[in-house]
Amino acid sequence: MTSHSETRLVGTGAATGVVIGPALVIASVKAEIPQSDNPLGAFHDAIGAVQSKLADLQQQARNAGRNEAAEVLGAQAQMAADPMLIDTITAKVNGGATLEEAVTETTAEISAMFAAIDDPYIAARATDVAEVTDHLRLWLTGTTGTDLATITVPSILLAKEITAAETASLDPKLVLGFVTEAGGPTSHVAIIARSLGVAAVVGTPHVAEMVRSGETVAMDGTTGDVVIRPNPESSNEFNARRQNHLAMQQDAAQYRGQKVYVGERAVAVPANVGSRQDVELAISEGADGIGLLRTEFLFLDRNNAPSEQEQYEFYKLAASSFDATVVIRTFDIGGDKPASYIQIGNEENPFLGVRGARLYAQETTLFASQIRAILRAATHGDVALMLPMVSQLTEVRELRSQITAIASQLSAEQIAHRVPPIGVMVEVPALALVADAIAAEVDFFSIGTNDLTQYTLAADRTNGALDSLQDPLHPAVLALCKLTADAAHRHNITVSVCGLAAADPAGAAVLAALGIDKLSVSARFVNPTKSVIDALDPQTANTIGNQALAAASAEEVREILAAGAH
Ligand code: PEP
Ligand code: MG
């Protein structure tokens with residue numbers, strides 16, 4: 001199994017960073033549940049213990065500012081209390097199965113049921129069921145899982161899969177990176193790694209079997225390259241990659257708080273935020289305001305909607321933290337972001353379903369309370385209001401008139417408020433194709449390249465098997481961005497991009513070249529993105545813009561950009 005020669009593997013890069021360091025292999029424990037005279041009693045004790053353990057871990061993650069891990073753990077705590085799980089295991093034991101059989105079969109059945117549902121969010125719940133029953137197993141066998149809180153040496157963690165619970169207690173300073181066998185770019189570990197700012201490579205088959213704890217591993221979270229027991233040449237190569245990566249980060253640091261231009265044209269770089277911690281990070285990175293405040297985090301991972309006051313407090317905090325514009329997006333629930341208390345008939349609510357602004361006709365009370373909170377917060381800063389998932393003009397008109405009516409109501413109640421500029425996200429190809437008509441009736445556009453790409457290429461954004469189709473630099477997506485930008489400028493409104501494409505150096509360059517006025521990126525990418533824009537001169541921008549639009553594929557666009565950069 002182990003040899004002394006190096007082994008090179010390629011997984012999927014899920015969080016940037018280049019590191020070389022000692023491996024810590026996390027074994028997956030699967031001990032058999034012992035027979036008991038009172039299996040149901042043992043089970044009910046165990047499920048109670050697991051529920052409170054998950055709730056404690058959720059709290060621990062939240063206290064440590066790890067909202068992503070907290071969200072996952074919250075969902076798992078709910079699942080541990082789910083009658084479907086509890087009743088199925090109970091029925092099987094009552095039917096004569098041992099607890100081991102009942103837990104194993106139930107996990108397999110519920111996981112298979114979730115995995116078969118043609119909705120990536122629900123399919124991902126299969127992992128949660130398995131993690132919950134792993135906790136049950138640990139409790140019932142009296143074993144403990146790997147406690148990552150006990151790491152003492154900074155290490156690269158390798159495992160089949162790393163659970164949300166395992167990451168809740170770890171000290172980010174002792175984690176150099178994660179390499180896992182399972183998972184895609186949107187898996188728990190990928191999201192958590194990005195929020196911790198450490199490198200991650202996922203989808204690397206058999207990696208945990210090929211290495212022993214203490215052996216050296218080199219990894220590149222951008223390319224997905226992993227080298228086990230690197231030889232001297234590979235070590236040099238990865239050290240050079242690491243120096244490059246660090247130099248890029250250092251170069252970026254000098255842009256903190258600076259304005260950047262392509263020739264005379266300013267390109268602002270605000271931040272995307274989805275939590276209080278994100279707002280703090282955006283302030284510390286010197287972001288040019290907030291280009292996308294994802295308000296969903298206030299609505300998800302809980303059993304009821306936030307009150308108007310709770311929302312107002314957060315929006316006010318965000319608004320008063322910046323001199324520049326803070327764009328608050330109304331709740332974009334549905335698709336991969338369901339809220340347990342919002343039910344659309346008996347339907348599932350997939351990406352092509354009732355998501356974003358389409359929900360507001362049904363959720364009138366929730367929508368009104370959010371608009372009231374935003375209009376009130378708008379008196380505390382340069383707030384703008386943005387509507388997600390709009391696909392036609394009638395929706396814009398309808399929602400605008402509702403906002404006006406809510407403003408009149410606030411006036412009647414003598415509550416201080418202001419109607420901010422109202423813009424829409426361009427995420428549906430149809431909207432980009434009628435951008436002129438829309439631009440005449442909104443105050444700004446913000447292109448959501450994540451959704452625009454999935455809808456243009458008919459490739460679900462959470463389906464790892466379609467990774468190669470999810471490149472926002474596909475010329476078709478760029479053409480829609482260009483149509484949107486030109487329509488915006490004909491109507492003297494601004495156009496931003498707030499999808500992940502803006503944080504990709506090649507994406508930032510081509511989008512700035514196509515005339516985008518603002519690139520909104522996660523806070524850690526604000527200054528690297530500014531350095532990309534600053535390096536772009538108007539002539540090069542013009543050439544790469546034209547060539548990219550004439551290209552036949554995303555690969556070709558990337559080649560044009562790589563050549564243009566030299
Ligand atoms: C997008 O679709 O690009 C976007 C920014 O919105 P979200 O990722 O929240 O759907
Ligand atoms: Mg979107």
Side-chain angles (χ1 to χ4, degrees), residues 67-68 71 119-121 124 184-186 190-191 194-195 269-275 278 282 287 289-301 326-339 349-360 370 384-391 395 423-432 444-463 469-474 476-478 480-481 484-485 495-504 507-508 510-511 516 518-523 525-526 529:
N67 281 346
E68 292 76 6
E71 231 172 78
D119 175 322
Y121 175 81
T186 53
I191 292 165
R194 285 196 288 262
S195 82
V269 187
N272 290 350
V273 303
S275 66
D278 285 354
I290 293 176
L292 167 63
L293 193 162
R294 289 185 166 101
T295 58
E296 296 81 61
F297 87 96
L298 287 168
F299 292 80
L300 304 179
D301 184 26
V326 169
V327 180
I328 303 179
R329 177 174 78 179
T330 49
F331 60 89
D332 182 18
I333 289 169
D336 61 343
K337 294 175 282 208
N349 190 13
F351 280 121
L352 293 178
V354 187
R355 65 171 290 214
R358 299 171 180 189
L359 256 180
Y360 305 158
Q370 181 168 47
L385 184 156
M386 178 156 76
L387 303 163
M389 198 57 194
V390 169
S391 42
E395 290 168 313
V424 291
M425 291 202 68
V426 180
E427 310 184 89
V428 179
L431 202 72
F444 62 93
F445 282 148
S446 187
I447 305 174
T449 46
N450 307 338
D451 280 315
L452 189 61
T453 306
Q454 76 161 344
Y455 295 133
T456 304
L457 290 158
D460 192 308
R461 66 193 260 190
T462 58
N463 188 335
L469 281 177
Q470 278 148 2
D471 193 332
L473 300 201
H474 191 291
V477 179
L478 296 179
L480 293 168
C481 293
T484 308
V495 56
S496 321
V497 168
C498 60
L500 282 174
D504 167 358
V510 73
L511 291 167
I516 302 296
K518 279 189 187 186
L519 297 175
S520 191
V521 297
S522 348
F525 290 96
V526 164
T529 304

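Both counts, for ligands and for their atoms, begin at 1 and track the order of listing.
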Item to complete: Calculate, to the nearest 0.5 Å, the distance between atoms CG and CG belonging to Leu478 and Leu511 respectively.
Response: 6.5 Å

Practice prompt. Give the intermediate values and the outcome of side chain to side chain contact (heavy atoms under 4.5 Å, CB included) for residues Ile333 and Arg355.
Written response: CA-CA 6 Å; Ile333 289 169; Arg355 65 171 290 214; over 6 Å; no

Worksheet entry | Whether Glu395 side chain and Val390 backbone form a donor-acceptor pair below 3.5 Å | no

Worksheet entry | Min side-chain heavy-atom separation Val477-Thr456 under 4.5 Å | yes

Fill in: Qualifying residues under ring pair (Phe, Tyr, Trp, His ring centres under 6.0 Å), relative to Tyr360, sequence neighbours excluded
Phe331, Phe367

Worksheet item: Between the side chain of Asp278 and the main-chain N/O of Ala523, is any donor-acceptor distance below 3.5 Å?
Response: no

Fill in: Leu298, CG atom: more than 12 neighbouring heavy atoms under 6.0 Å
yes

Practice prompt. Measure distances from the Mg ion (ligand 2) and count the protein N, O or S atoms below 2.8 Å.
Written response: 2

Starting from the N and O atoms of ligand 1, collect every protein N/O partner closer than 3.5 Å and put each pair on its own line with the distance to 0.1 Å.
| residue | atom | partner | partner atom | Å |
| --- | --- | --- | --- | --- |
| ligand 1 | 2 (O) | Glu427 | OE1 | 3.0 |
| ligand 1 | 2 (O) | Asp451 | N | 3.0 |
| ligand 1 | 2 (O) | Asp451 | OD2 | 3.0 |
| ligand 1 | 3 (O) | Gly448 | O | 3.4 |
| ligand 1 | 3 (O) | Thr449 | N | 3.1 |
| ligand 1 | 3 (O) | Asn450 | N | 2.8 |
| ligand 1 | 3 (O) | Asn450 | ND2 | 3.3 |
| ligand 1 | 6 (O) | Arg329 | NH1 | 3.1 |
| ligand 1 | 8 (O) | Arg294 | NH2 | 2.9 |
| ligand 1 | 8 (O) | Asn450 | ND2 | 3.0 |
| ligand 1 | 8 (O) | Arg461 | NH2 | 2.8 |
| ligand 1 | 9 (O) | Arg294 | NE | 2.7 |
| ligand 1 | 9 (O) | Arg294 | NH2 | 3.3 |
| ligand 1 | 9 (O) | Arg329 | NH1 | 3.2 |
| ligand 1 | 9 (O) | Arg329 | NH2 | 2.8 |
| ligand 1 | 9 (O) | Lys337 | NZ | 3.0 |
| ligand 1 | 10 (O) | Asp451 | OD2 | 3.0 |
| ligand 1 | 10 (O) | Arg461 | NH1 | 2.9 |

Worksheet item: Looking at side-chain heavy atoms only, is the closest gap between Gln454 and Asp460 below 4.5 Å?
Response: yes

Discussion item. Show me the pairs that pass salt bridge (Lys or Arg N to Asp or Glu O under 4.0 Å) and involve residues 495-504, at least two apart or across chains.
Written reply: Asp504-Arg558

